[in-house]
Amino acid sequence: MKINFYALKAIYFHEMDRFRRTLIQSLLSPVLSTSLYFIVFGSVIGDYVDKIDGISYGSYIVPGLLMLTLLTQSISNTSFGIFFPKFNGTIYEILAAPISSIEIVIAYVGAGATKTLLVGVVIFLTSLFFADVNVKYPLLMIFLLILVAFTFALFGFLIGILSKNFEQMSIIPTIVITPMVFLGGSLYSLDMLPSFWQTVTYFNPVVYLINGLRFAFYGVSDFNIWISISTMFLFLIICITIVSVILKKGYNIKN
Amino acid sequence: MNKDLITINNLSKVYDNGFNALKSVDLNIKEGEIIAMLGPNGAGKTTMISIICGIVKPSSGKITVDGYDIIKDYRETRSRIGLVPQEISLEQFETVFNNVSYSRGLYGKGPNPRHIEKILKDFSLWDKKNLRLNQLSGGMKRRVMIAKALSHEPSILFLDEPTAGVDVELRKDMWKVVESLRKTGVTIILTTHYIEEAEAIADRVAVIDKGEIIVVDNKVDLLKKMGHKKLTIELQEKINIIPEELKSYNLTKSIDGMSLIYNYNLQAERTGITTMLQDLKNVGLKMRDLKTEQNNLEKIFVSLVKENNEN
């Protein structure tokens with residue numbers, strides 16, 4: 001199979017250039033907001049909360065906050081990446097170029113995931129200033145971070161393709177993802193909830209992602225790690241399927 | 001005779017809203033020629049270009065570029081094509097050099113700073129290579145659009161209304177660029193509203209209206225075929241009616257009665273001018289002056305579109 005490597009490279013570095021141009025917005029704002037979470041929840045309130053599963057509260061919330069950043073960043077980076085050329089009209093060039101739909105997805109999702117991982121690393125390093133963090137399974141942590149970054153970058157690509165304006169693009173991260181992360185045990189253990197709400201939470205897929213990452217960090221989780229990994233792969237497969245169908249039909253891009 | 005580089009067979013396009021933009025269009029474009037597509041707004045010019053370039057999906061029909069099918073062999077066909085769309089669409093916060101280099105990569109070509117430098121110099125953009133696009137004037141942005149389309153050294157260039165809204169100086173510059181590209185063997189397809197543009201630079205002209213090609217012909221032949229001439233005879237004295245002896249010439253009288261107008265076809269065996277002037281003298285009309293005018297492409301275009309609307 002012929003692959004247009006130069007085009008892949010062109011799109012990837014074009015996107016990374018945008019990241020570089022907007023470094024303050026791209027890097028500083030997530031670092032600042034996450035630091036505030038660490039200060040308020042970890043340092044201030046955390047001192048009044050008992051240890052959970054033998055872990056201090058400040059350390060317990062690190063995987064959840066890291067996941068919050070990963071999800072919001074991967075979605076917003078990639079959705080903006082593909083939406084912006086649609087918005088300013090430069091999409092014509094991508095559509096007229098000798099490049100397949102799959103290559104377009106790989107380039108945008110690759111760049112989106114890379115930016116997310118860079119932000120993730122910075123957030124992780126920031127957390128070391130506020131909490132004791134000793135990662136128990138570092139390879140598992142890296143694997144999960146990469147998997148989540150790519151999966152949600154793909155989800156972001158989907159949102160960017162389907163969105164017809166900026167409002168539509170921001171609505172899913174704001175009204176779906178952020179509440180799912182906060183209600184998905186990012187700041188607490190499911191054991192702390194009444195049994196009814198525990199049951200409700202089982203339908204929130206983000207719970208499995210946060211617990212998977214928490215397991216990689218501290219070896220504790222509300223679920224078996226394989227349930228978490230399977231959930232991520234399931235979501236990845238769903239995203240790949242939807243993106244493939246949409247690109248094949250040219251929905252919202254070609255007519 | 002140059003070979004057919006682009007062949008369009010039975011091409012139709014119906015948009016989702018039911019608009020029938022193209023109706024079974026057939027057209028062959030020869031290697032190395034400049035063909036101008038003339039047509040009113042909504043005629044289907046941009047749709048046709050967009051389909052060939054891969055931006056719009058055709059409803060039916062087949063197009064080949066250099067023998068390759070535009071859908072099955074899209075990598076082969078698209079790598080040969082450069083496109084300058086109607087709208088100026090550029091990454092405003094990126095520099096001129098990066099914008100043009102990005103296009104080259106997108107079309108599957110490795111970095112070649114010397115080639116990019118040559119293009120930028122050709123378009124007087126070299127001294128602006130490090131400026132961001134939002135720092136350039138409209139005319140300069142238009143140049144960047146063309147530079148981007150040429151960045152991957154295409155053998156076919158589509159110019160969709162390249163000089164719409166640009167000043168006369170830039171328009172003439174564009175024509176020079178097109179002329180120099182022709183010399184390098186690039187096949188150029190341009191759509192335009194400016195008939196003088198087609199007249200100035202095209203080899204062939206295709207007139208499109210309501211999704212159909214009304215006529216495709218060599219520009220010179222089209223002018224000859226359709227080019228009726230008009231002879232205006234200014235008289236020394238006013239006349240109220242055209243004398244009976246001159247009826248056979250189908251003359252028309254000007255409103256002020258001071259001139260007569262005679263239409264004739266240059267392609268006809270006899271134009272009838274000599275006998276008409278003789279008869280004019282015989283009935284005692286004295287001439288002050290004579291003036292001839294040839295139909296230009298604009299008049300031909302208007303009459304073709306009008307004819308098409310009446311049919």
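The sequence lines fix the lettering, A, B, ..., with proteins before strands; numbering per chain opens at 1.
- In the displayed structure, A/Lys9 atom NZ is contacted under 6.0 Å by at most 12 heavy atoms of other residues, nucleotides or ligands.
- Heavy atoms only, all atoms of each residue included: B/Asn98 and A/Asp17 are closest at ND2-OD2, 4.1 Å.
- Under a cut-off of 6.0 angstrom, the local environment of CZ in A/Phe166 is crowded, with over 12 non-hydrogen atoms contributed by other residues, nucleotides or ligands.
- No salt bridge links A/Arg18 with B/Glu94; every basic N to acidic carboxylate O contact stays at or beyond 4.0 Å.
- For B/Glu87, no part sits under 4.5 Å from any heavy atom of chain A, backbone or side chain.
- Among all heavy-atom pairs drawn from B/Arg75 and A/Ile3, the shortest one is NH1-C, 4.4 Å.
- The minimum heavy-atom distance between B/Tyr102 and A/Glu93, with the atom names listed, is CE2-OE1, 3.9 Å.
- Residue A/Ile24 qualifies as open at atom CD1: its count of foreign heavy atoms under 6.0 Å is 12 or below.
- Distance check: B/Leu106 CG to A/Thr90 OG1 gives 10.0 Å after rounding to the nearest 0.5 Å.
- Taken to the nearest 0.5 Å, the NE2 atom of A/His14 stands 8.5 Å off from the OG atom of B/Ser103.
- Using a 4.5 Å cut-off between heavy atoms, A/Ile94 contacts chain B through both its backbone and its side chain.
- Contact annotation for B/Gln92: neither backbone nor side-chain heavy atoms come within less than 4.5 Å of a heavy atom of chain A.
- Crowding of B/Lys72 atom NZ: a count of heavy atoms from other residues, nucleotides or ligands under 6.0 Å not exceeding 12.
- Within a 6.0 Å sphere centred on CZ of A/Phe84, other residues, nucleotides and ligands contribute more than 12 heavy atoms.
- B/Pro111 has its side chain within reach of A/Tyr6: a pair of non-hydrogen atoms, C-beta onward, lies under 4.5 Å apart.
- Between atom OH of residue A/Tyr92 and atom CD of residue B/Gln86 there is a gap of 12.5 Å, rounded to the nearest 0.5 Å.
- The two atoms that bring A/Leu95 and B/Arg78 nearest to each other are O-NH1, 3.0 Å, heavy atoms only.
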